[in-house]
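What you see is a predicted model; the values in this text were computed from it and never measured.
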Amino acid sequence: MFDFPQPPFRTSVVSTKGHAVLDYLVGTVMIGVPWLLGFSYDLRAMWPLATAGGLVLLLAVVTDYEGGLSKKLLMMLHLAFDRLIGSLLGASPWLLGFADRIFLPHLILGLLLLALGLLTERLPANKKTVRTK
C-alpha cells in the first residue's frame, strides 16, 4: 500500500561479519574496563559496564549472523538491542548518580554500541536475496 523511498545514500557502513567481531571484542572490553581503569571497587559504576558487556556477548552468541552460535535472534532485533543497551549504558552515570566520579568509559562505550546499532547492515550476507523479474 505504501511505498517508502529508500535513502539515496548507504547508511550501513559496518558489515554483519565485522559487527560480529566487534561484538565479541567490545563485550569483553566492557567487562574488563572497570578492572583495567581501577574502579571495580565502585559497584554502582562497575555493574552497568559488566552487565552491558555480558548482554553484548549473549546477543552475539544467539544472533543469526556470521558470528552467532545458536542463530535464534534476527539481526534487526539484535541491532535494536544494541541501540537500547548503548543508550542506557551511555546515560547510566547520570541515571545512577556516579557521574561525578566516572562517566567517560560508560559514555564512550554506550555511544559506540549506539553507533553500531545504527550503522550496521540489517541482513547478514547469507540472508540477502537477489530479486529477479
Side-chain angles (χ1 to χ4, degrees):
M1 183 170 175
F2 295 106
D3 186 27
F4 295 105
Q6 295 298 316
F9 53 88
R10 182 177 175 182
T11 57
S12 301
V13 294
V14 180
S15 71
T16 55
K17 188 175 184 178
H19 188 106
V21 171
L22 287 170
D23 275 342
Y24 288 106
L25 178 66
V26 170
T28 304
V29 166
M30 285 178 161
I31 292 170
V33 159
W35 286 269
L36 292 170
L37 297 182
F39 64 91
S40 62
Y41 63 90
D42 188 343
L43 294 180
R44 214 177 337 170
M46 184 269 294
W47 278 109
L49 276 167
T51 303
L55 287 172
V56 167
L57 291 174
L58 177 64
L59 286 172
V61 168
V62 301
T63 298
D64 185 13
Y65 69 162
E66 294 86 350
L69 300 177
S70 70
K71 301 187 186 298
K72 303 283 185 202
L73 185 70
L74 293 174
M75 187 65 192
M76 290 176 61
L77 193 54
H78 173 112
L79 295 174
F81 279 122
D82 278 351
R83 294 188 300 267
L84 176 64
I85 295 167
S87 298
L88 290 173
L89 180 63
S92 66
W94 294 274
L95 292 174
L96 300 176
F98 59 87
D100 58 329
R101 296 185 306 279
I102 189 158
F103 69 91
L104 272 179
H106 302 76
L107 182 61
I108 291 168
L109 290 167
L111 289 174
L112 175 62
L113 267 184
L114 182 61
L116 285 172
L118 292 170
L119 299 175
T120 299
E121 293 177 345
R122 301 315 190 242
L123 290 173
N126 62 349
K127 300 290 181 186
K128 293 178 183 172
T129 58
V130 177
R131 290 187 182 179
T132 58
K133 291 186 178 188

For [X] and [Y], which heavy atoms make the closest approach, and how far apart are they?
{"X": "P124", "Y": "T16", "result": "CA-OG1, 3.2 Å"}
{"X": "P105", "Y": "L37", "result": "CG-CD1, 3.6 Å"}
{"X": "M46", "Y": "P34", "result": "CG-CB, 3.5 Å"}
{"X": "Y24", "Y": "G67", "result": "OH-O, 2.8 Å"}

By side-chain hydrogen bond (donor to acceptor under 3.5 Å, both in side chains) - contacts of S92 (at least two apart): none
With a 3.5 Å cut-off and sequence neighbours excluded, list the donor-acceptor pairs that the side chains of residues 108-115 form with protein atoms.
none

Salt bridge (Lys or Arg N to Asp or Glu O under 4.0 Å) pairs, two or more places apart, involving [range]:
{"range": "residues 48-59", "result": "none"}
{"range": "residues 84-95", "result": "none"}
{"range": "residues 66-82", "result": "none"}

Which distance, rounded to the nearest 0.5 Å, do you find between the [atom1] of [X] and the [atom2] of [Y]?
{"X": "E121", "Y": "M75", "atom1": "CD", "atom2": "CE", "result": "8.5 Å"}
{"X": "L25", "Y": "M30", "atom1": "CG", "atom2": "CE", "result": "10.5 Å"}
{"X": "I31", "Y": "L36", "atom1": "CD1", "atom2": "CG", "result": "11.5 Å"}

Pairing residues for L84 by the side-chain contact (heavy atoms from CB on, under 4.5 Å) criterion, not counting sequence neighbours: L88
Residues which pass salt bridge (charged side-chain N to carboxylate O under 4.0 Å, His left out) with R101, listed by chain and number, not counting sequence neighbours: D42
Partner set under ring pair (Phe, Tyr, Trp, His ring centres under 6.0 Å) for F81, not counting sequence neighbours: none
Do [X] and [Y] share a hydrophobic cluster, counting only Ile, Leu, Val, Met, Phe, Trp and Tyr and linking them when any side-chain heavy atoms are less than 4.5 Å apart?
{"X": "F39", "Y": "L96", "value": "yes"}
{"X": "Y41", "Y": "I102", "value": "yes"}
{"X": "L22", "Y": "L119", "value": "yes"}

Within residues 82-102 or reaching into it, pairs that qualify as ring pair (Phe, Tyr, Trp, His ring centres under 6.0 Å) - sequence neighbours excluded: W94-F103, F98-H106
Listed pairs under 3.5 Å, donor-acceptor, residues 48-65 side chains, sequence neighbours left out:
from: T51; atom 1: OG1; to: W47; atom 2: O; distance (Å): 2.7
from: T63; atom 1: OG1; to: L59; atom 2: O; distance (Å): 2.4
from: T63; atom 1: OG1; to: H78; atom 2: ND1; distance (Å): 2.6
from: D64; atom 1: OD2; to: K127; atom 2: NZ; distance (Å): 3.3
from: Y65; atom 1: OH; to: D23; atom 2: OD2; distance (Å): 2.6

